[in-house]
There are 2 protein chains.
Amino acid sequence: MKSGLITIKDLARELKISASTVSRALKDHPDISAETKRAVNELAKKLNYQPNAVALSLKQRRSNTIGIIIPEIVHYFFSSVISGIEDVAYDAGFNVIICQSNEKYEREVANAKTLLASRVDGILVSVSKETEDFSHFYNLRNNNIPLVFYDRIVPGLEADQVIIDDFDAAYRATRHLIDSGRQHIAHFAGPQKLLIGKQRKDGYIKALKEAGLDVDEDLIIEADSFEKARLAIMKLLNTGKKFDGLFATNDLTAIGAMQTIQKRGIKIPDEIAIVGFSDGRFSGITDPTLTSVDQHGYEMGTIATEMLLKRITSEDDEYPFETKVLDANLIVRGSSL
Amino acid sequence: MKSGLITIKDLARELKISASTVSRALKDHPDISAETKRAVNELAKKLNYQPNAVALSLKQRRSNTIGIIIPEIVHYFFSSVISGIEDVAYDAGFNVIICQSNEKYEREVANAKTLLASRVDGILVSVSKETEDFSHFYNLRNNNIPLVFYDRIVPGLEADQVIIDDFDAAYRATRHLIDSGRQHIAHFAGPQKLLIGKQRKDGYIKALKEAGLDVDEDLIIEADSFEKARLAIMKLLNTGKKFDGLFATNDLTAIGAMQTIQKRGIKIPDEIAIVGFSDGRFSGITDPTLTSVDQHGYEMGTIATEMLLKRITSEDDEYPFETKVLDANLIVRGSSL
DNA sequence: ATGAAAGCGCTAACAG
DNA sequence: CTGTTAGCGCTTTCAT
């Protein structure tokens with residue numbers, strides 16, 4: 001037997017009244033007599049009646065559900081975003097359907113289709129790395145599904161979006177090293193074809209120039225993983241080139257460099273200060289603890305969801321798109337004191 | 001205007017045929033002529049028709065959606081579980097609605113209610129730390145919602161469940177230290193009122209006893225966080241008590257101990273070997289890398305989902321409940337070589 | 001080979 | 001104050 005769940009009809013039959021009366025009584029409609037309300041609510045409680053959200057969705061053409069398209073849940077940043085989304089959605093009485101693209105274009109297209117079929121009221125999207133054709137997003141928009149992009153946006157697609165100011169964060173991180181007296185600051189950069197890689201490097205360069213420091217190409221090295229950092233720092237140290245600071249494009253890179261530096265007997269932060277860019281919960285458990293940029297994933301999730309809910313519940317369909325840029329602020333820890 | 005999405009009726013009107021014919025054509029029913037099928041499919045594609053899953057759910061009394069109740073998404077273990085769930089569900093054509101309890105009883109009860117209202121076809125549950133009253137789960141069961149518990153189960157409630165053999169994992173971890181020649185092995189334990197804390201300690205004790213080693217109460221210390229570990233290990237070292245191995249109830253504890261030990265100039269693993277219990281992605285980035293138990297979150301998610309889908313799709317309602325116990329195997333790294 | 005009608009559970013005019 | 005009716009989008013007998 002499928003789902004022996006109680007329906008409004010069951011209550012109606014039992015009480016020998018009509019389904020509509022039951023419906024009204026349940027939502028405390030002013031027309032209904034106190035006596036009837038009491039009886040209905042009592043029986044509903046007794047039989048543990050649960051309204052059928054599916055029927056409601058069909059009726060109202062409104063599912064009170066939002067969809068999320070997310071590259072990979074297991075990354076700390078993304079799971080924090082989800083957490084933020086969940087909390088806001090929950091408070092507003094919305095459900096959340098999560099679809100992972102696993103960074104695959106095909107899967108992302110399927111996700112969009114699924115969410116459309118589920119008639120979600122709106123979708124939060126962070127675009128997969130692989131995606132170059134964006135027609136599935138245009139398709140959603142053509143179907144009047146409100147869309148908010150977070151973190152990874154679609155270039156050229158006007159939409160609500162919330163992103164982090166990577167450029168400014170990198171600028172401030174580098175600036176922090178300069179302010180604390182470092183003059184020769186290296187940068188371990190991400191791939192320059194990726195926006196975040198480029199922006200972080202540009203922020204670094206801006207800070208140097210502004211302070212009147214040379215931009216030394218020998219100190220800018222493309223390395224964006226734990227392993228690559230170990231090799232790169234080794235090579236750099238072997239050149240004999242002097243440097244007293246390092247800004248790494250992410251925490252794992254910073255940590256890989258830090259360990260290797262320490263193995264050489266070089267003191268951190270005394271001889272070399274290090275700053276990372278947060279992508280996990282690593283910064284607190286290194287020795288020394290790692291100064292790093294906080295990406296505010298949770299906050300990004302809450303803000304994106306608020307924007308989406310506003311879009312969903314707004315009467316006026318056509319107010320202009322918003323772009324929110326979050327500050328990613330620097331958390332100073334032991335590695336740069 | 002809400003949702004200008006194309007319906008079957010729209011197609012029918014356009015083609016001057018009935019909705020039922022369209023419906024049948026779309027699912028390639030043998031009764032329908034090739035010509036009609038072609039016309040219908042062509043128009044459907046042209047207008048970008050997407051079947052309304054909500055209407056389907058109502059009709060079939062089957063939502064093709066499963067619910068997840070999870071304590072906190074941001075923990076690496078739980079996000080890996082979700083990832084496993086998502087992948088299996090996706091392949092089977094099921095959607096996933098995620099509800100976080102945030103370790104709160106009240107919220108967990110609300111989650112159960114929400115999922116019931118959404119008419120999910122089944123629910124995967126990991127119980128919140130706070131929960132002591134389990135009636136909301138009995139309620140789900142009374143409503144014939146298939147339930148599978150993963151990782152954190154309800155004592156005494158017979159149900160499908162998949163858990164990790166913490167006892168055996170701890171036994172093997174300790175055994176590994178013994179096999180590599182350590183004779184005086186300390187244990188940093190979790191709270192003994194929590195099942196996992198107790199099981200891990202018991203496994204440790206079993207290994208010692210089996211090897212004919214003394215169980216030295218002075219070497220068993222309740223400490224289950226990074227900070228507590230630092231304090232506890234300091235104290236332990238100060239007593240002058242000799243030990244050459246440490247099994248910690250989780251990775252952060254192991255890492256806190258490791259750092260403090262190293263600061264004293266004691267070599268790891270030469271003088272003291274360390275084994276942790278995985279709860280993050282930390283083990284690869286410490287120096288030395290940390291030997292740890294892998295909890296297989298992803299696998300737990302896939303298995304739990306398979307069990308649930310089997311329950312949902314099974315004709316025969318009443319086959320006995322299953323309990324799957326996953327091996328949590330030891331990954332040997334630098335800290336115990 | 002196709003259509004008409006009923007119904008999944010609920011709500012909201014409209015009618016008394 | 002309550003009941004009747006229609007309809008949300010779809011499937012599925014039952015006719016034809």
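Throughout, protein chains are lettered first and strands after them, A, B, ... in sequence-line order, and every chain is numbered starting at 1.
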Of the listed nucleotides (C/dT11, D/dC10, C/dT2), which one gets closest to any side-chain atom of A/Lys27? C/dT11
Heavy-atom side-chain proximity of B/Asn48 to A/Asn143 below 4.5 angstrom: yes
Could A/Lys46 and A/Glu42 be called an ion pair, given the rule that one side-chain N must be under 4.0 Å from one carboxylate O? no
Is the shortest distance from a Lys or Arg side-chain nitrogen in A/Asp31 or A/Arg24 to a carboxylate oxygen in the other one below 4.0 Å? no
Could you give the CD1-to-C1' distance, from B/Ile32 to D/dT11, as a whole number of Å? 13 Å
Looking only at D/dC8, C/dG3, D/dG3, the nucleotide nearest the A/Arg61 side chain is D/dC8
If you only use heavy atoms from C-beta on, which nucleotide in D/dC8, C/dT11, D/dC10 is closest to the side chain of A/Leu56? C/dT11
Can you work out whether B/Ala19 or A/Ala19 has the more 5'-proximal nearest nucleotide on DNA chain C? B/Ala19
Nearest-angstrom distance from the residue atom NZ of A/Lys9 to P of C/dC10: 9 Å
Rounded to whole Å, how long is the line connecting atom NE2 of B/His29 with atom P of C/dA1? 10 Å
What is the distance, to the nearest angstrom, from the CZ atom on B/Arg13 to the P atom on D/dG9? 11 Å
Can you measure B/Ile6 atom CD1 to D/dC8 atom P for me and round it to whole angstrom units? 15 Å
Check every strand shown and say whether B/Asn52 touches a base, only sugar-phosphate, or nothing at a heavy-atom separation below 4.0 Å. sugar-phosphate
Which part of the nucleic acid, if any, lies within contact of B/Ile8, taking any heavy atom under 4.0 Å across all strands shown: a base, the sugar-phosphate backbone alone, or nothing? sugar-phosphate
Measuring from the side chain of A/Arg24 (C-beta onward, heavy atoms only), which nucleotide among D/dT12, C/dA13, C/dG3 has the closest atom? C/dA13
Under 3.5 Å: donor-acceptor pair, side chain of B/Arg61, backbone of B/Leu58: no
With a cut-off of less than 4.0 Å, is there a side-chain N or O of B/Ser18 near OP1 or OP2 of C/dG3? yes
From the set D/dC8, D/dT2, D/dT12, return the single nucleotide nearest to any side-chain atom of B/Ser23. D/dT12
B/Lys113 NZ: over 12 foreign heavy atoms closer than 6.0 Å: no
What's the NZ-P distance between A/Lys16 and D/dT2, to the nearest Å? 16 Å
Ranking C/dG9, D/dT12, C/dA1 by distance to the side chain of B/Ser33, first place goes to C/dA1
A/Ser20 has a side chain; which of C/dT2, C/dC10, D/dT5 sits nearest to it? D/dT5
If you look at every strand shown and take non-hydrogen atoms under 4.0 Å, does B/Thr36 touch a base, only sugar-phosphate, or nothing? sugar-phosphate
Quickly work out the B/Asp10 CG to D/dC10 P distance and round it to whole Å. 9 Å
Options D/dG9, C/dA4, D/dT2, nucleotide nearest the side-chain atoms of B/Lys59: D/dG9
